[in-house]
Engineer: 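Quick one: the structure is below, and I'll ask about it shortly.
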Amino acid sequence: MRTCVSAAIGFVGGLALMGVAVWLTMPRMMLVTHESRFDDVDRTAAALKAAIEEQNGWRCPAIRNMNASLEKEGQAMEQQISIVELCNAEYAREVLTDAPEVSTLMPCAWGIYKRNGKVLITGMNTGLMGKMFGGTIARVMGGSVTADETAILEKVTR
């Protein structure tokens, strides 16, 4: 009886410890950051837009200057931040046909900002996101989207 109780306590304790570890590491795993080869947010955004539109089937619907948007609302920020949106209509159709609820994650976007003298590009870890959802989302986001995003980012990162 004692062995069963000890095993149960160990199992529950192990699950709790694993849960805490996942809780603490998941936010860092959900986002992927790359260093731009350019020294300025605007140049990086322009180069990223060009790289997106060179990739077969991809478009850049918008570049959003967050500083200008916030200033219109009376909020000033010292740090320059831009958001570059990207979308591939074929991939979007595949995913949305099967799982329209993930429309909240579209279009994909990368944030561009400066930290410690470096211009950084941060985006969602599409491979991990795909695995979390499974099915069509895993196939499209974890496969095609991840491969295309890697090719796009290679043109603007170190």
Side-chain angles (χ1 to χ4, degrees), residues 17-96 99-158:
L17 187 59
M18 188 169 123
V20 168
V22 168
W23 179 264
L24 294 174
T25 59
M26 236 6 189
R28 281 176 276 159
M29 293 173 61
M30 297 302 291
L31 300 174
V32 180
T33 300
H34 307 270
E35 184 180 344
S36 172
R37 67 179 63 199
F38 303 101
D39 60 357
D40 147 304
V41 170
D42 289 333
R43 283 186 63 202
T44 299
L48 195 51
K49 176 182 168 108
I52 290 166
E53 293 183 344
E54 288 172 6
Q55 190 70 25
N56 190 32
W58 287 89
R59 300 291 170 259
C60 177
I63 297 176
R64 302 191 187 284
N65 179 323
M66 293 306 294
N67 301 74
S69 296
L70 292 171
E71 284 174 15
K72 288 179 187 176
E73 301 297 324
Q75 301 296 318
M77 279 185 35
E78 287 183 35
Q79 180 183 12
Q80 185 181 3
I81 300 175
S82 288
I83 298 172
V84 176
E85 295 179 1
L86 62 156
C87 183
N88 180 304
E90 180 182 340
Y91 298 156
R93 180 196 48 77
E94 283 185 72
V95 169
L96 294 173
E101 61 275 11
V102 298
S103 59
T104 190
L105 301 173
M106 295 180 175
C108 293
W110 282 312
I112 304 172
Y113 53 95
K114 205 168 203 176
R115 181 171 284 156
N116 299 324
K118 297 177 182 177
V119 176
L120 302 174
I121 303 166
T122 298
M124 182 173 46
N125 183 337
T126 53
L128 180 59
M129 290 294 290
K131 287 178 186 174
M132 288 174 50
F133 284 101
T136 301
I137 299 170
R139 181 178 51 77
V140 176
M141 289 183 73
S144 308
V145 171
T146 299
D148 287 356
E149 283 185 353
T150 298
I152 292 166
L153 285 164
E154 283 176 352
K155 296 175 184 175
V156 297
T157 59
R158 293 186 189 272

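For reference, positions follow the sequence shown, starting with 1. What you see is a predicted model, and the numbers here were worked out from it, not measured in a lab.
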Engineer: Are Leu153 and Ile121 side-chain neighbours, meaning at least one heavy-atom pair lies under 4.5 Å?
Structural biologist: yes
Engineer: So, using side-chain hydrogen bond (donor to acceptor under 3.5 Å, both in side chains) as the criterion, who are the partners of Ser36 when residues are at least two apart?
Structural biologist: Thr44
Engineer: With side-chain hydrogen bond (donor to acceptor under 3.5 Å, both in side chains) as the rule and sequence neighbours excluded, what pairs involving residues 101-116 come up?
Structural biologist: Tyr113-Thr122
Engineer: Going by atom types only, do Asn88 and Gln55 share a side-chain donor-acceptor pair under 3.5 Å?
Structural biologist: no
Engineer: SG of Cys60 to CG of Leu48: how many Å apart, nearest 0.5 Å?
Structural biologist: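 Going from SG on Cys60 over to CG on Leu48, the span is 7.0 Å.
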Engineer: Going by ring pair (Phe, Tyr, Trp, His ring centres under 6.0 Å), name the pairs with one or both residues in residues 41-68, residues two or more places apart or in two chains.
Structural biologist: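 Every pair satisfying ring pair (Phe, Tyr, Trp, His ring centres under 6.0 Å) with a residue in residues 41-68: Trp58-Tyr91.
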Engineer: Once you round to the nearest 0.5 Å, how far does CG of Asp148 lie from OG1 of Thr126?
Structural biologist: 9.5 Å
Engineer: Which heavy atom of Met106 sits nearest a heavy atom of Val95, and at what distance?
Structural biologist: CE-CG1, 3.6 Å
Engineer: Considering all heavy atoms of both residues, which atom of Gly127 and which atom of Thr146 are nearest to each other, and what is their separation?
Structural biologist: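 The pair with the smallest heavy-atom distance is N-OG1, 3.2 Å.
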Engineer: Has the side chain of Arg37 got a donor or acceptor atom that lies under 3.5 Å from a matching backbone atom of Thr157?
Structural biologist: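 Confirmed, Arg37 side chain pairs with Thr157 backbone.
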Engineer: Start with the C-alpha distance between Ile112 and Ile81, add both sets of side-chain angles, then the distance that settles side-chain contact (heavy atoms from CB on, under 4.5 Å), and finish with yes or no.
Structural biologist: CA-CA 6 Å; Ile112 304 172; Ile81 300 175; over 6 Å; no
Engineer: Identify the heavy atoms of Asn67 and Gln79 that sit nearest to each other, and give their distance.
Structural biologist: ND2-O, 2.8 Å
Engineer: List the atom of Glu94, the atom of Thr136, and the distance in Å for their closest heavy-atom pair.
Structural biologist: O-CG2, 3.6 Å
Engineer: Once you round to the nearest 0.5 Å, how far does CD of Gln75 lie from OG of Ser69?
Structural biologist: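 Result: 12.5 Å between the selected atoms.
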Engineer: Please examine the side chains of Val84 and Arg64, heavy atoms only from C-beta on, and report whether any two atoms are closer than 4.5 Å.
Structural biologist: no
Engineer: For a quick test of reading the model, state the closest non-hydrogen atom pair linking Ser82 to Asp42 and the distance between them.
Structural biologist: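 What the structure gives for the nearest pair is OG-OD1, 4.5 Å.
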Engineer: In Å and rounded to the nearest 0.5 Å, what is the CD to CD distance from Glu73 to Glu71?
Structural biologist: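 Glu73 atom CD to Glu71 atom CD measures 11.5 Å (nearest 0.5 Å).
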Engineer: Residues in side-chain hydrogen bond (donor to acceptor under 3.5 Å, both in side chains) with Glu54, at least two apart?
Structural biologist: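 Testing Glu54 for side-chain hydrogen bond (donor to acceptor under 3.5 Å, both in side chains), a comparison that skips the adjacent residues, returns Lys155.
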Engineer: Keeping to residues at least two apart or across chains, list the ring pair (Phe, Tyr, Trp, His ring centres under 6.0 Å) pairs with something in residues 126-158.
Structural biologist: none
Engineer: Of all heavy-atom pairs between Ile83 and Ala109, which one has the smallest distance, and what is that distance?
Structural biologist: CG2-CB, 3.7 Å
Engineer: Of all residues at least two apart in sequence or in a different chain, which pass the salt bridge (charged side-chain N to carboxylate O under 4.0 Å, His left out) check with Arg59?
Structural biologist: none
Engineer: How far does NE2 of His34 sit from CD of Glu154, to the nearest 0.5 angstrom?
Structural biologist: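 His34 atom NE2 to Glu154 atom CD measures 10.0 Å (nearest 0.5 Å).
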Engineer: Please report the C-alpha distance between Met124 and Met30 in whole Å, then the side-chain angles of each, then the deciding distance to 0.1 Å, and finally whether the side-chain contact (heavy atoms from CB on, under 4.5 Å) criterion is met.
Structural biologist: CA-CA 6 Å; Met124 182 173 46; Met30 297 302 291; 5.5 Å; no
Engineer: Is a side-chain N or O of Asp39 found less than 3.5 angstrom from the main chain of Val119, in a donor-acceptor match?
Structural biologist: no
Engineer: I need the Ile137 CD1 to Lys131 NZ distance, nearest 0.5 Å.
Structural biologist: 15.0 Å
